[in-house]
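Note on naming: letters A, B, ... go to the chains in the order of the sequence lines (proteins, then strands), and numbering restarts at 1 for each one.
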Amino acid sequence: MTREELQTSIAELASGATWDEGGQWPVVNILPEAWPELARTLKSDPLFAFDYLFCVTGVDWKSHLTVVYHLTSLRFRHTLVVKVKLDRAKPQVGTVCDIWRTAELHEREIRELFGVEFLHHPDPRNLILPDVWDGFPLRKDYEDPVNMIKL
Amino acid sequence: MWSLSKISGLIDHWLNGKLGSGWASVAEMVIVGLCVIGLFAILGLVLVLMERKVSAWMQIRLGPNRVGPKGLLQSLADTLKLLVKEGLTPDGADKFLFNLAPFVAMIAAMLLMAPIAFAKDFQIWDVNIGVLYITAISSISVIGILMAGWSSNNKYSLLGAMRSGAQIVSYELSAGLSILSIVVLTGSLKVSDIIAAQQNGWWIFKGHVPALIAFVIFIIAATAETNRAPFDLAEAESELTAGFHTEYSGMKFALFFLAEYVNVFIVCAIGATLFLGGWMPFHIGSWEGFNHIMDYIPSSIWFFGKTFFLIFLIMWFRWTFPRLRIDQLLNLEWKYLLPIGMVNIILVTIVAIKGWHF
Amino acid sequence: MFLVDYLKDITGAIKSLLTGMRRTGYYFTHHKEIITQQYPDNRDTLKLPERFRGEVVMSHNESNEHRCTGCTACELACPNGTIKVVTKFDISPEGKKKKAVDKFIYHLELCTMCNLCIEACPTDAIRMAQSFEHSVYDRAELTKVLNKPGSKIEEGVE
Amino acid sequence: MIEELGTTEQGELVINIGPQHPATHGVLHLVVTLNGETIRKVEPHLGYIHRSIEKMCESLSYRQFIYTTSRMDYLSSHINNHACALCVENGIQVEIPERAQVIRVLMDELTRIASHLLWWGAMAMDVGAITPFFYAFREREMINDIMEETCGARLTMNYMVPGGVMMDIHPNFQRRVKELLLQFKHKLPEYHELVTDNVIFQSRTKGVGYLSADDAVSYGTSGPTARGSGVPCDIRKLYPYDVYSKLEFSECLAKEGDTFARYLVRMNELEQSIRIVEQLIDNIPEGDFQAKTKAVLKLPKGEFYQRVETARGEFGVYMISEGAMQPYRIKFRSPGFSNLSALDHMARGAKIGDLVAIMGSLDLVIPDIDR
């Protein structure tokens, strides 16, 4: 699907989705409530067939957090970037690891580094950090005077 | 001519003259015990160095070449290092069994020395059930390994010990069958008789194809019984770190290490005795002249030459092959070696009854 | 047929094992293939390529002059804070104040040999040396002052 | 914190493989639940070598952060650097001279050969054959020497800079690469004799660690791991960068999806990489090795994503710029992390020995997983 086609067909699915201009791939911004539903459609609908989730990450925008999903379809070779905007005080989004299994480890990583809670995640434990870690290291306001060396 | 049997005879004569027959035999036992321990130490040193050199040359490396001339004293230095290292006993281990296990492994290896003929008329104990004795005692070594694995209170050790148990119990069968085929050919369990029967040629040549098959099976089973690659599942370092001796350190570890090498020596010595004529020089039928020339080489050199050839073969396996998986290891035994061994022993029996062997 | 397959399996397996053994046997007997370098013994003949990045050094000529102007371009380029340039002001014979390097401090223990400082240097004052045996007993020895004592800037380097 | 682990209620044995274990090639920690020798579950515990490179990069300039990526997948450091350099170049809109592009691709492929060689040796060692490791290192050493001569370092080169490469190739470069190719052609059959054709190796790897094509996609695997299951995913073919679009090489695929298939894909990739190097080594165009760039790079506001194919799979750099001298956020999509997530699925029901073989075939590099 071309960029325009993607835009129109996804706009029908998720109301309130906004699109970022420019960039190499179409970027859609949605709210967390709409995400698991949209994800399921993106994966199962043969028009999209977004079967390959190649990158999941979080970004701290100081005012809010986003979780960014990079999706591609191995059949059609089109790519879509989905940004889910989250409240910084209580970031919550539904998990997609039942749709794309690779999300399981990625979500666990984002959970501990950004403090995003993935609802219904089957194994929400710390993957990288010790269990008793305090704070979310990849947030912009994270301070750790002991382990972070300022040059 | 100088020979080991003459020296032993002289010592026997001298002791009997000095002490009387009762005390002389006690003194001889002590001497023999010391000799066995000394042989152990020397074998350990030589075989470790040999293994390191063989592996190095196969791996396009130089190998140990720092300690002593051409690195000859390397294993001595290793031993010294192991001697002065602290022997740790892990918390929660069964201390008695943990400390006993290396000695059990050693003693099992030591007992096997008894019926081996190192040279002409040079044998500790020429018992009339020599071969049976060997097969019986060699199964004891698994107890040491199981003991070590169980008492270490370590899951890797336990897994290694269990693997080793399954492995040795299985491969005993093939080893036994292939040994049996020589017993069938010779008609005697006595080691000296078996060697004497090879006066006019070694069994591997005289016994046609069945003897060759028995030899191949024996070598495979021997490699497995000594827990050497490709059958080193008991210590499989990429899976179980060090298997049953994961928790051992210092001299206790060294004893396991030594027992492994001595076991290799012993199974190779047995293989050499049964299939390659032991100390018997290379004789061909009734070629008197040729046989006479061969007799000029001392019998001990024949024995050690053959044994070390087999040891080299086993080392060659180790440094070439990947390791088998536990189920494949058992498959190999029960699906391939054992049926072949059984068919083979029938063939050997036919050969023996018909007198087709030379 | 079952028996034929069974025997084929066995012969195929033995053949593959023997080819492997022939390969290791070849190397066992051909010692000229050995590639071991006996490192501490071959120090005299061991020659590292001229681009090898061992540590940052400052070139000095015979009259103990270096080319560093103290511009701190290297300090800015360094990702790890390895370099600290302490500057001073020299008074030239004409009475003019001129910025010059006082101490060029180099923390070898922080350096990742990324070569960015060398690339950044506008006057080619620093370069990478080929030494690689850096181990010392006290980590303080790894903090080095690269400009030699009493050295001054080469004539004509701006 | 890892609680005291013993046996579960079902009488299953829980063992810790790692963080220090000969088979994990680094500080990977796997908590394995066993029933006898059979694996019930594999849980990875990561973070033993996590340096938070992504956070570090937020305070480094666009020239500086590239060197940190050499420390992630240290076996494909050139390719990682390449991805970062491409990403920055994409932002500053600079045209790379042809010569620099060719040098970069040459270096990438040499790195891939070196990486696959190390993997081959380590894989053989995992299944218990130690000797192949040394044969692999003999050829790998030649590549390292070539790298040392041209780039100045053996492992963490930091040779790619935004705009091209840091220095021109060494005058000896072409001669030595040709020597390497000659030696390699001579030695590659030995590798097959020693390991590929070995009956023990085949029985250890065939049918072990099966990963279906659907699962491979769902788990986000890439590189030889996915191609072993028949998923075409070679970024060099699908989204070519630099001069890859002009080169002749084929994407290596296998259908079986088992450990041996992944092994064969990597062995074939070695040959394809040699093919690429052969095509380029005599055709390095004249010209600059570096485009003119500003001393201080500033990227326009926006997001940039660059995908490249490392020896282990797809490596992605996701860079968000706010127009400052430093990136606002960088995410490295590492191939090992996604490939690791499929390990549990592949290893269930296998034996401990199989787990080691499967890990070997995934070619995990732990700093790449932990970042």
ask   = Is chain D contacted by the side chain of C/Q130, its backbone, both, or neither, given a heavy-atom distance below 4.5 Å?
value = neither
ask   = Got a donor-acceptor contact below 3.5 angstrom from the C/R53 side chain to the C/M113 backbone?
value = yes
inquiry  = For D/M166, which atoms come within 4.5 Å of any heavy atom of chain C: side chain, backbone, both, or neither?
reply    = both
ask   = Which bit of D/S61 is near chain C, if near means a heavy-atom gap under 4.5 Å: side chain, backbone, both or neither?
value = neither
key: Closest-packed option against chain C by number of heavy-atom pairs under 4.5 Å, given D/A129, D/G152, D/S203   = D/G152
inquiry  = Please verify the inter-ring angle class for D/F260 with D/Y263; under 30° counts as parallel, over 60° as perpendicular, anything in between as tilted.
reply    = parallel
Atom pair CG (C/L116) and SG (C/C74), whose distance is rounded to the nearest 0.5 Å = 11.5 Å
query = So how far is it from D/F173 CZ to D/K178 NZ, rounded to the nearest 0.5 Å?
reply = 11.0 Å
ask   = Between the side chain of D/E58 and the main-chain N/O of D/Q326, is any donor-acceptor distance below 3.5 Å?
value = no
query = Which bit of D/Y159 is near chain C, if near means a heavy-atom gap under 4.5 Å: side chain, backbone, both or neither?
reply = neither
inquiry  = Quick test of your reading of the model: are D/R329 and D/E54 salt-bridged, counting only N-O distances below 4.0 Å?
reply    = yes
message = What part of D/T150 gets within 4.5 angstrom of chain C, counting heavy atoms only: side chain, backbone, both, or neither?
response = both
request  = Considering only heavy atoms and a distance below 4.5 Å, find which of D/V195, D/D168, D/V296 pairs most often with chain C.
outcome  = D/D168
task = Tell me, for C/Y27 versus chain D, whether the close heavy atoms (under 4.5 Å) come from the side chain, the backbone, both or neither.
result = side chain
inquiry  = Can you confirm whether D/T68 sits close enough to D/R51 that some side-chain heavy atom of one is under 4.5 Å from a side-chain heavy atom of the other?
reply    = no
request  = Heavy-atom pairs under 4.5 Å with chain C are the metric here; pick the option from D/Q202, D/E141, D/R63, D/R71 that has the most.
outcome  = D/R71
message = Just so I understand: if I count every heavy-atom pair under 4.5 Å between each of C/C78, C/A120, C/C114 and chain D, which residue has the most?
response = C/C114
ask   = In terms of heavy-atom pairs under 4.5 Å, which option from C/L17, C/L76, C/T19 contacts chain D the most?
value = C/L17
